[in-house]
Number of protein chains: 2
Amino acid sequence: MSVNPEVVREVSEFNNYYNSLAELLNRHLADNNLSLSALRVLIKLREEEEQCTAGKLIANLGIDGGYLSRILKSFESNQLIAKRKSNLDGRTWYLQLTPKGSRLLETLEQGSAEQIGKLLEPVPAEQQQALAGAMKTVRHILSDDAKISPEDITYRRDLQPGDAGFIMHMHGSLYAKEAGYNLEFETHTCKTFYEFLEAYNSSKDQVFLAMHGNQIIGSIAVLGHSRYATQMRWFLVHPDYRGIGIGQRLLTEAINAAKEKLFQKIYLITTSQQVAATSLFKKNGFRKSGEKHMPMWGLQLTEERYEIDLI
Amino acid sequence: MSVNPEVVREVSEFNNYYNSLAELLNRHLADNNLSLSALRVLIKLREEEEQCTAGKLIANLGIDGGYLSRILKSFESNQLIAKRKSNLDGRTWYLQLTPKGSRLLETLEQGSAEQIGKLLEPVPAEQQQALAGAMKTVRHILSDDAKISPEDITYRRDLQPGDAGFIMHMHGSLYAKEAGYNLEFETHTCKTFYEFLEAYNSSKDQVFLAMHGNQIIGSIAVLGHSRYATQMRWFLVHPDYRGIGIGQRLLTEAINAAKEKLFQKIYLITTSQQVAATSLFKKNGFRKSGEKHMPMWGLQLTEERYEIDLI
DNA sequence: GAAATCTGTTTGACAAAAGCAATTAAAAAA
DNA sequence: TTTTTTAATTGCTTTTGTCAAACAGATTTC
């Protein structure tokens, strides 16, 4: 994978900037006679809970063994941690925070939170949100273990101003990138959205959005076209958030909504390209009810129709 | 301004995460026998160029005076900086990087870039972009001096898949927040966009987008409705980017495009609420050619029409 | 205009933080 | 059993950073 020099420059500048900021954010540590390394050890100990050894800390934190040994010794003499000999290996000790250690960590984090509060105080609320989002993005991209988990995702079933545009944006840009569709596809999406918005009625129509923070990362909708049948549309999950069950959740919600609104049938139009989506449809009881080859969105595609009976 | 505890938590976690990362990114410093503080001094000296004094460094970097004095002394003995006595104040010295100092700094940044390169190597290209964007956002929000400057903004005149949706999104969400418009407004925007996209023809239509990285932050368009007149639409700059001339630049581009396409007249529809925009229109030669009161987008508004003759 | 005060910088003494190498003791391999 | 490897500790050292006092030029005060 090639690396964009512009990106490297920004990371470098960011690093330089954050080095100054860190100095400010970590200043409160001095009040408690703790070094940054010592704090990181405490945090790691809480994370690992049990069965944490010195070696693990050395490997994870990149800290010198000798230095760590002294940190741990001081922790022990202050009763912040408890050591317990391993019965598998007589050389190693399992390290664990004592209640006192946990309390200290909490106090420290309290102090840190106050510093952060002061820093954030003059920042308008929505910029604060944007900040948190951006920081999460940084962590998410750079660390393997800060993967997005289903708990980070919230769901919303009301359509707010800006939502429709963003869903169109996701469709336009993602299908262009992933499937090679041209602008005609976004035009078509725009048309369907206009028809939807104009006739929007919550008794027959329902939108579901998957959100990460205040960012839309997935969507689905059911549109009551007749008294009996409803069309499912705009089923999409942003690629960064696939594979953690968001698609299934959206689909379930949509099917349930259609049932609640007493529709007898759901149908949807997709293409044979959408392998992941169609397999999900089939798994949820949809069956293919038609297909035709045709030139669409600048490509030669096979349009497919799926249906499910709800009663 | 109140502070959201969720945001504080994310900042705290981010800080914790970045402390580990910084250790990695700054490791190369040890190879050159420089401390992090010393590096920051070097960077600041390059930034300030001339007339930088020790006091300024102390104030800006929050570094101890005694420590700084020693760092500077070592820099001087290594011919990385040159001191020059102030003739205004006999106590102070103006500090300046020597060519050798600049070269060292470049070498260091080279090393840093290599570290960053290694870190970024497994990250897909678009996630790299997203990372840079997120980091810029963080800096932008937290630092007063990292204000967006006009040089950071690029302009684009082609309409790519996803653009239309995003412009609609900006209109829908921003007008809702700033002017209180309801969903009907986004519906209307959607309709106008559909009409535009369907009849899109680059000989008569032109879109301009202001970009920050790969994010759309401003838009404008001219739509050739007849042989003589063109309508200006979707003129909007994201609030975070206002007041640095982006609006004027977009407007100029749009007027020029209309002239190039040999239209005789531009007209546009807006409301009396859009004070900043209308004053910009007037400043650029538009005149009000009509207005009517009417209920719109859930409010009682005064719709205004502006025109400009191009020949 | 001399004394007192203030400000920018330097110096000395010292403490804290971190790294390196040698050592110990247990485990694993030969 | 001997050798080698590994986890942790200890002694020693360097680096980094802090604090208070000193110093010298500037400014204020009387």
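Chain naming here is simple, since letters A, B, ... match the order of the sequence lines and numbering starts at 1 in each. Being a predicted model, the structure only gives us computed values, none of them experimental.
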| Which residues share a side-chain contact (heavy atoms from CB on, under 4.5 Å) with A/E6, sequence neighbours left out | A/N4, A/R9
| request: Name all residues meeting the side-chain contact (heavy atoms from CB on, under 4.5 Å) criterion together with B/A113; count only those two or more places apart in sequence or in a different chain, and write none if there are none. | output: A/V8
| field | chain B contact limits on DNA chain D, taken 5' to 3' with a cut-off of 4.0 angstrom to heavy atoms | value | D/dT16 to D/dA26
| message | Whole angstroms only, please: what is the CG-C1' distance between A/L36 and C/dA16? | response | 14 Å
| note | Residue set satisfying ring pair (Phe, Tyr, Trp, His ring centres under 6.0 Å) with B/F14, at least two apart, ordered chain then number -> A/Y18, B/Y18
| Contacts of type ring pair (Phe, Tyr, Trp, His ring centres under 6.0 Å), residue B/Y67, not counting sequence neighbours | none
| remark: In numerical order, the residues of residues 59-71 of chain A whose heavy atoms come under 4.0 Å of DNA chain D are A/G65, A/G66, A/S69, A/R70
| note | A/Y94 meets the ring pair (Phe, Tyr, Trp, His ring centres under 6.0 Å) criterion, sequence neighbours left out, with none
| message | For A/K118, is there an ion pair with A/E121 - N to carboxylate O distance below 4.0 angstrom? | response | no
| message | Going by side-chain hydrogen bond (donor to acceptor under 3.5 Å, both in side chains), name the residues that satisfy it together with A/N78, two or more places apart in sequence or in a different chain. | response | none
| remark: B/T107 meets the side-chain hydrogen bond (donor to acceptor under 3.5 Å, both in side chains) criterion, sequence neighbours left out, with none
| query | For B/E10, which residues count as a side-chain hydrogen bond (donor to acceptor under 3.5 Å, both in side chains) partner, sequence neighbours excluded? | reply | A/R139
| task | Tell me, please, which residues at least two apart from A/E178 pass side-chain hydrogen bond (donor to acceptor under 3.5 Å, both in side chains). | result | A/R242
| said: At under 4.0 Å between heavy atoms, how does the protein contact nucleotides 25-30 of chain C? Give one character per nucleotide, 5' to 3', with B, S or -. | reply: BBS---
| With respect to the phosphate group of C/dA18, does any side-chain polar atom (N or O) of A/S37 fall under 4.0 Å of OP1 or OP2? | yes
| field | C/dG8 phosphate, OP1 or OP2, under 4.0 Å from B/K56 side-chain N/O | value | no
